[in-house]
Amino acid sequence: MATAYQFMKRHPGLKRSSPKNVDVNRLAVSCQSVLQPWYSLLDDLHEKNEYCNELIFNMDKSSLKDPINFKLSVVHPKNENPGFRKEPPKMANSTLVAAVAADGFALPSVILWLSKSLPDEMKLLLSQILDIWPNRSGWMGCNEFKKYALTTLLQGIIDRRKRMLLENSRCLLLIDSHISRADPTIWREFQKENIDVVTFIPHSTHIARPLDRGVFTVLKTELQSKYEPPSSSTSSSKRTALVDVLPQAIHHTPSPAVIKKAFATSGVLHYESGSILMKLPETSDYQSSTHLNRFDFYGKLITDEKLLNDWSEHLGIKEEEKVDDEKNSSEEMKKEEQKDDNELESFVEMKKIKRKFEVKEDDHENEKEEIIVIERKK
């Protein structure tokens with residue numbers, strides 16, 4: 001190491017860095033031949049729709065596990081074992097869901113907290129910029145995403161467009177291509193509101209997703225620097241310790257400066273991908289992800305009318321909805337008919353009993369005629 005430092009002193013153009021672990025799939029995607037078509041798609045959309053930075057959004061999620069850095073180096077004799085370090089059980093997962101705009105604006109964030117109901121210690125975090133949803137798993141599944149997409153995300157984008165007096169402007173939303181997003185009925189609602197939704201190419205988010213390029217990195221750094229592991233290893237104590245540092249970390253994370261820099265370094269703004277692509281190799285051994293019986297919506301404009309129609313046909317949504325509607329309609333008609341029959345039968349029986357015990361003789365003929373009319377109607 002001393003030799004290396006002396007060598008660097010003699011050559012100022014050199015520096016010492018530690019290599020990072022990169023997933024092999026991410027490494028394969030990190031090339032111009034894979035990412036160039038996707039960035040070209042974005043540039044075409046920018047050219048056509050002239051998005052303003054206030055209406056370019058990125059939505060993503062980040063895990064909120066124990067924010068502890070377990071990296072440790074030990075210097076020891078070659079003929080001795082360095083030993084082991086006891087690692088305490090990790091806290092069950094919870095998820096932070098965030099959405100930001102290219103001008104530095106942040107929509108209200110949502111925490112999916114592993115709990116049947118909202119714990120008392122979490123109630124202190126509730127605010128206009130943060131909501132907490134009790135969740136059975138702590139992860140974002142299909143149902144949780146649909147709820148978030150159609151309430152917090154969609155409504156938040158619509159409200160911001162109105163506040164900015166940009167009702168006639170189109171919006172751009174960038175999301176990952178997780179399977180929980182594979183519901184075309186959600187994206188038809190975004191299409192109706194003139195919001196263009198583009199998915200990232202699988203395994204490329206470390207390069208192209210703004211939230212990964214800075215916002216969540218700052219969040220995890222803040223949590224690691226401020227989180228103090230509790231003396232007790234129970235889930236409750238860990239949760240309480242995390243709650244103590246979450247407000248300050250979340251407050252600092254979505255700062256306008258951090259968000260703007262994240263969008264700038266991801267290359268998703270108009271004609272800003274050149275500096276990103278030129279740092280990457282031209283080709284790799286990348287093979288696109290294929291999933292059996294799964295519609296290919298990866299790295300595409302998923303609010304395109306043709307794609308939505310093909311997607312719905314692939315999933316059989318139209319046919320299923322039609323069959324379900326017919327079935328429900330038929331069942332409702334049968335129920336109504338049965339209800340009418342029961343009411344008529346009850347009415348007839350009541351009239352018969354009334355006729356039998358009625359005192360007035362002169363009413364018998366009128367009631368008899370009324371019963372005949374009801375029976376005929378039945």
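FYI, the numbering just counts along the sequence from 1. The figures here come from the full heavy-atom set of this structure, side chains too, leaving out hydrogens, waters and symmetry mates.
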Does the side chain of [X] pick up a donor-acceptor pair with the side chain of [Y] at under 3.5 Å?
X: Thr205; Y: Asp176; result: no
X: His203; Y: Ser30; result: no
X: Asn309; Y: Glu313; result: no
X: Gln36; Y: Ser40; result: yes
X: Asn135; Y: Ser137; result: yes

How far apart are the closest heavy atoms of [X] and [Y], and which atoms are they?
X: Cys52; Y: Leu166; answer: SG-CD1, 3.7 Å
X: Ser177; Y: Phe200; answer: OG-O, 3.3 Å
X: Asn53; Y: Leu269; answer: OD1-CD2, 4.0 Å
X: Ser33; Y: Ser284; answer: OG-N, 4.4 Å
X: Cys142; Y: Ser180; answer: SG-CA, 3.8 Å
X: Phe190; Y: Ala149; answer: CZ-O, 3.4 Å

Are the side chains of [X] and [Y] in touch, meaning some heavy atoms are under 4.5 Å apart?
X: Arg213; Y: Phe263; value: no
X: Ile201; Y: Tyr298; value: no
X: Ile157; Y: Glu193; value: no
X: Ile111; Y: Trp133; value: no
X: Phe57; Y: Leu174; value: no
X: Val198; Y: Ile302; value: no
X: Ile207; Y: Ser266; value: no
X: Ser62; Y: Lys220; value: yes

Under the side-chain contact (heavy atoms from CB on, under 4.5 Å) criterion, do Val215 and Ile259 qualify, and how do the steps go?
-> CA-CA 6 Å; Val215 178; Ile259 296 172; 4.1 Å; yes

Under 4.0 Å between a Lys/Arg side-chain N and an Asp/Glu carboxylate O for Asp310 and Lys306?
-> yes

Under a 4.0 Å N-O cut-off, is there an ion pair linking Glu144 with Lys147?
-> no

Okay, side chain of [X], backbone of [Y]: is any donor-acceptor separation there less than 3.5 Å?
X: Ser204; Y: Val29; result: no
X: Trp38; Y: Thr199; result: yes
X: Arg170; Y: Ile195; result: no
X: His11; Y: Gly13; result: no
X: Asn58; Y: Leu211; result: yes

Fit a plane to each ring of His270 and His46, take the angle between them on a 0 to 90° scale, and name the class: parallel (under 30°), tilted (30 to 60°) or perpendicular (over 60°).
-> parallel

For Trp187 and Phe297, run ring pair (Phe, Tyr, Trp, His ring centres under 6.0 Å): C-alpha distance rounded to whole Å, both residues' side-chain angles, the deciding distance at 0.1 Å, then the answer.
-> CA-CA 12 Å; Trp187 308 120; Phe297 65 100; 8.8 Å; no

Are [Y] and [X] connected into the same hydrophobic cluster when the rule is that any two of I, L, V, M, F, W, Y join if their side-chain heavy atoms are below 4.5 Å apart?
X: Leu114; Y: Val97; result: no
X: Ile179; Y: Phe145; result: no
X: Trp139; Y: Leu242; result: no
X: Leu280; Y: Met278; result: no
X: Leu42; Y: Tyr271; result: no

[X] [atom1] to [Y] [atom2] distance, which is reported to the nearest 0.5 Å:
X: Lys162; Y: Asp159; atom1: NZ; atom2: CG; result: 6.5 Å
X: Gln191; Y: Arg188; atom1: CD; atom2: CZ; result: 6.0 Å
X: Thr283; Y: Gln32; atom1: OG1; atom2: CD; result: 9.0 Å
X: Thr265; Y: Ile276; atom1: OG1; atom2: CD1; result: 6.5 Å
X: Leu246; Y: Leu64; atom1: CG; atom2: CG; result: 6.0 Å
X: Leu173; Y: Tyr51; atom1: CG; atom2: OH; result: 10.5 Å

Salt bridge (charged side-chain N to carboxylate O under 4.0 Å, His left out) partners of Asp103, counting only residues at least two apart = Arg160

Can Asp131 and Ser109 be said to form a side-chain contact (heavy atoms from CB on, under 4.5 Å), step by step?
-> CA-CA 6 Å; Asp131 197 5; Ser109 299; over 6 Å; no

Within a reach of under 6.0 Å around CD of Glu282, are more than 12 heavy atoms found that belong to other residues, nucleotides or ligands?
-> no

Assess whether atom CZ of Arg136 is packed by more than 12 heavy atoms of other residues, nucleotides or ligands within 6.0 Å.
-> no

Take Arg181 and Met140 through the test side-chain contact (heavy atoms from CB on, under 4.5 Å) and record every step on the way to the result.
-> CA-CA 10 Å; Arg181 283 63 160 158; Met140 174 171 270; 4.0 Å; yes

Please walk me through it: do Asn93 and Thr95 pass side-chain hydrogen bond (donor to acceptor under 3.5 Å, both in side chains)?
-> CA-CA 7 Å; Asn93 182 72; Thr95 302; 3.3 Å; yes

Might you work through the side-chain contact (heavy atoms from CB on, under 4.5 Å) test for Leu96 and Leu112, ending with a clear yes or no?
-> CA-CA 6 Å; Leu96 173 69; Leu112 302 176; over 6 Å; no

